[in-house]
Amino acid sequence: MTARISNIGRDDVARRRDVDASVAKARTLGITSRFSDKVEAPDLPTAKIVLVVDDNPSMLRGIGRLLRECGFASRLFESGNALLMDGELDCALCLILDVNLSDGSGIELRHRLTDRGIEVPVIYITGNDNPATRMAAMASGCVAYLTKPFTAKSLMQPIEQLLVGVV
């Protein structure tokens with residue numbers, strides 16, 4: 001492996017080290033990812049898929065990549081309608097939901113899911129924060145409300161809390 005590492009840049013080695021640390025953490029939590037084998041952890045919730053809805057493709061890819069590096073499986077949707085067409089919403093650990101989607105309000109989408117009997121914890125993200133939107137998001141029962149740009153830690157913290165049942 002030493003010969004192989006010497007052929008890639010130092011940034012790649014550091015990035016791989018970070019991914020390996022995330023995989024080790026995921027293994028201790030019993031999380032399945034493309035980087036690790038399934039680890040049985042009977043005391044943890046079985047739902048480990050994070051659903052993400054954002055109409056910005058680069059934001060969607062970035063969040064998907066972050067989740068993958070932290071050991072979480074994800075399903076990415078570019079619209080609220082695409083999410084609604086998916087049949088497996090109840091198996092999710094949580095839903096990361098942009099407030100302002102091209103096909104409607106993320107907050108209204110949350111209400112539609114609730115009306116359908118789908119109760120999944122929501123983390124709202126928005127690039128257009130204002131007091132009225134923040135109040136509406138909080139009233140809908142979200143576990144977190146983040147303003148873009150946000151740190152990876154601020155996004156992962158509520159997800160990890162959900163995983164261990166703190167939230």
Side-chain angles (χ1 to χ4, degrees), residues 15 18-19 21-23 25-26 28-33 41 43-167:
R15 210 173 294 120
D18 290 343
V19 169
S22 295
V23 168
K25 182 176 180 182
T28 64
L29 293 174
I31 298 170
T32 303
S33 80
D43 58 336
L44 293 175
T46 57
K48 295 179 186 71
I49 295 173
V50 177
L51 306 176
V52 184
V53 183
D54 197 315
D55 54 1
N56 178 332
S58 62
M59 178 64 74
L60 199 59
R61 281 190 312 272
I63 292 173
R65 189 171 30 253
L66 173 65
L67 291 167
R68 185 173 55 250
E69 287 177 2
C70 291
F72 291 91
S74 64
R75 290 209 310 266
L76 311 176
F77 303 92
E78 291 186 351
S79 70
N81 287 332
L83 174 74
L84 291 172
M85 305 267 294
D86 190 78
E88 298 181 29
L89 303 178
D90 288 330
C91 68
L93 174 64
C94 69
L95 170 62
I96 300 171
L97 184 54
D98 189 11
V99 171
N100 298 311
L101 297 167
S102 59
D103 63 346
S105 162
I107 296 170
E108 178 56 36
L109 176 60
R110 164 67 187 263
H111 291 299
R112 284 191 282 171
L113 291 170
T114 301
D115 291 346
R116 292 180 179 193
I118 300 167
E119 294 291 335
V120 59
V122 172
I123 299 170
Y124 286 112
I125 57 176
T126 185
N128 301 308
D129 185 31
N130 65 60
T133 301
R134 182 178 290 266
M135 293 293 287
M138 299 306 249
S140 77
C142 65
V143 296
Y145 180 92
L146 305 174
T147 303
K148 298 174 188 176
F150 47 81
T151 64
K153 182 179 179 178
S154 66
L155 180 61
M156 295 312 300
Q157 184 176 24
I159 296 171
E160 291 171 357
Q161 289 174 338
L162 285 166
L163 185 65
V164 296
V166 174
V167 175

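We number each residue from 1, following the sequence as shown.
Defined by atom type and a distance below 3.5 Å, a donor-acceptor pair is missing between the side-chain atoms of Thr126 and Asp129. Looking only at atom types and distance, the side chain of Ser140 has a donor-acceptor partner in the side chain of Tyr124 under 3.5 Å away.
Taking 4.5 Å as the limit, some side-chain heavy atom of Ile123 sits within range of a side-chain heavy atom of Leu155. Counting heavy atoms from C-beta outward, Phe72 and Met156 have side chains that approach closer than 4.5 Å. Val99 is not listed as a side-chain neighbour of Asn128, based on a closest heavy-atom distance of 4.5 Å or more. You'll find the side chain of Ile118 reaches within 4.5 Å of the side chain of Asp90, heavy atoms only. The closest side-chain heavy-atom distance from Arg75 to Val52 is not below 4.5 Å.
Checked by atom type and distance alone, the side chain of Asp98 never pairs as donor or acceptor with a backbone atom of Leu101 at under 3.5 Å.
Within the model, atoms CZ of Arg134 and CD1 of Ile107 stand 11.0 Å from one another, a figure rounded to the nearest 0.5 Å. Interatomic distance, Leu93 CG to Leu162 CG, rounded to the nearest 0.5 Å: 5.5 Å. For the atom pair CE of Met135 and CG of Asn130, the computed distance is 11.5 Å after rounding to the nearest 0.5 Å. The distance from atom CG of Leu146 to atom OG1 of Thr151, rounded to the nearest 0.5 Å, is 8.0 Å. Rounded to the nearest 0.5 Å, atoms CG (Leu51) and OG (Ser74) are 8.5 Å apart. The line from OG of Ser79 to CE of Met85 is 9.0 Å long, rounded to the nearest 0.5 Å.
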Steps toward side chain to side chain contact (heavy atoms under 4.5 Å, CB included) verdict (Leu113, Leu95): CA-CA 11 Å; Leu113 291 170; Leu95 170 62; 3.7 Å; yes
As a quick check of understanding, evaluate side chain to side chain contact (heavy atoms under 4.5 Å, CB included) for Ile159 and Ile96, giving each step before the final call. CA-CA 9 Å; Ile159 296 171; Ile96 300 171; 3.9 Å; yes
Can Arg116 and Leu84 be said to form a side chain to side chain contact (heavy atoms under 4.5 Å, CB included), step by step? CA-CA 10 Å; Arg116 292 180 179 193; Leu84 291 172; 3.6 Å; yes
Side chain to side chain contact (heavy atoms under 4.5 Å, CB included), that's the test. Do Ile63 and Ile125 meet it? Break it down for me. CA-CA 11 Å; Ile63 292 173; Ile125 57 176; 3.8 Å; yes
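The two residues Ser102 and Asp55 come nearest to each other via the heavy atoms N-OD2, 2.6 Å. Taking every heavy atom of both residues into account, Pro121 and Val143 meet most closely at CB-CG1, 4.0 Å. Considering all non-hydrogen atoms of both residues, Asp54 and Asn56 come closest at OD1-N, 2.9 Å.
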